[in-house]
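Here the structure is laid out as structure tokens; the discussion comes afterwards.
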Amino acid sequence: LFSWTAVIGALLNSGSFAPAFGFYREMVMSGICADHFLYPLVLKSCAGTRDLRDGRRVHADVLRSGFCWDLVVMNSLVDMYAKCESLEEAESVFGEMTERDVVTWTSLLAGYVQTGYRLEALDFFREMLTSDVKLSSATLAAILPVFSDLGSFDLARQIHGLIVGTGCELDKFVASALIDMYASCGGLGYSRLLFNRVKERDIVSWNAMIKGYAQAKLFDEMIELLFQMHADGMSPN
RNA sequence: GCAGGUAUGC
């Protein structure tokens with residue numbers, strides 16, 4: 001079982017979701033049962049391939065093998081259903097869970113956002129604020145694209161204020177989402193100020209800033225940034 | 001950085 005887990009984990013790390021699931025099938029056919037460490041990996045492979053049928057089969061396997069007590073396994077189920085755009089099933093698992101953490105909430109939140117249910121996402125985010133889960137940088141990075149879509153500078157200022165209070169403002173995931181949000185809400189200057197303050201810039205923060213200048217047709221600034229990116233040892237993708 | 005497992009940004 002350790003060997004199967006190692007192989008499936010390695011495949012997932014290289015993004016090979018379908019082959020990873022293939023190994024799980026072989027493992028099951030050879031009569032070995034998964035444990036609570038393997039199920040999250042298998043569910044991640046279903047989420048990666050967006051294969052709802054396989055995901056439901058694994059869900060049944062989880063129930064049969066009695067690993068519902070494990071929070072990580074349950075979180076992986078919520079994430080799998082959310083990524084497969086079966087939000088009803090994701091909600092149903094979420095609703096039946098007796099224990100939830102910030103990952104549980106963020107998985108479902110991200111599901112609403114990625115499926116385009118913005119209002120549900122905002123409602124759910126408000127619910128999160130009144131619950132006693134502590135928001136993580138992943139939670140914030142997940143909800144911010146909704147504010148990019150809304151395009152309201154006032155709302156952008158408000159959510160930014162909330163984020164400053166969490167201390168996650170300069171997290172690279174949150175920061176690049178904020179840069180994109182301001183660029184989409186008519187606050188490109190705020191994007192740049194934030195960009196300048198981010199220490200660990202990665203390819204995504206650069207792209208967010210470059211995209212902002214491109215959309216505003218500020219091509220001189222954009223080109224300058226491309227050169228600066230090169231000088232910092234990053235190459236455009 | 002990793003220490004067999006889950007969520008997040010252009």
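In what follows, chains are A, B, ... by sequence order, proteins preceding strands, each numbered from 1.
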Separation between the C1' atoms of B/G5 and B/C10, rounded to whole Å: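 These two C1' atoms come out 28 Å apart once rounded.
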Inter-nucleotide P distance (B/A7, B/C2), Å rounded: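 Those two atoms are separated by 14 Å.
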Basic-acidic side-chain contact under 4.0 Å: A/Glu89, A/Arg56: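 Judged by the 4.0 Å cut-off on N to carboxylate O distance, A/Glu89 and A/Arg56 do form a salt bridge.
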Sidechain N-carboxylate O distance under 4.0 Å for A/Asp154, A/Arg157: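 Judged by the 4.0 Å cut-off on N to carboxylate O distance, A/Asp154 and A/Arg157 do not form a salt bridge.
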Name every donor-acceptor pair, under 3.5 Å, that has one atom in a side chain of residues 224-237 of chain A and the other anywhere in the protein, sequence neighbours excluded.
from: A/Asn237; atom 1: OD1; to: A/Asn207; atom 2: ND2; distance (Å): 3.2

Inter-residue atom distance A/Met74.CE - A/His36.NE2, 0.5 Å rounding: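 Nearest 0.5 Å value for the CE-NE2 distance: 14.5 Å.
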Students often get this wrong, so: under 4.0 angstrom with heavy atoms, is [X] touching a base, only sugar-phosphate, or nothing?
X	value
A/Ala6	nothing
A/Thr139	nothing
A/Ser176	base
A/Val78	nothing
A/Asp70	base
A/Gln215	nothing
A/Ala138	base

First-last contacting nucleotides on RNA chain B - partner chain A, under 4.0 angstrom, heavy atom: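 The protein-touched segment is B/G4 to B/C10.
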Partner residues of A/Phe125 under the ring pair (Phe, Tyr, Trp, His ring centres under 6.0 Å) criterion, sequence neighbours left out: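 Once residues adjacent in sequence are excluded, A/Phe125 has no partner under the ring pair (Phe, Tyr, Trp, His ring centres under 6.0 Å) criterion.
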Test of ring centre spacing under 6.0 Å for A/Phe94 and A/Phe124: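 Distance test on ring centres: under 6.0 Å, yes.
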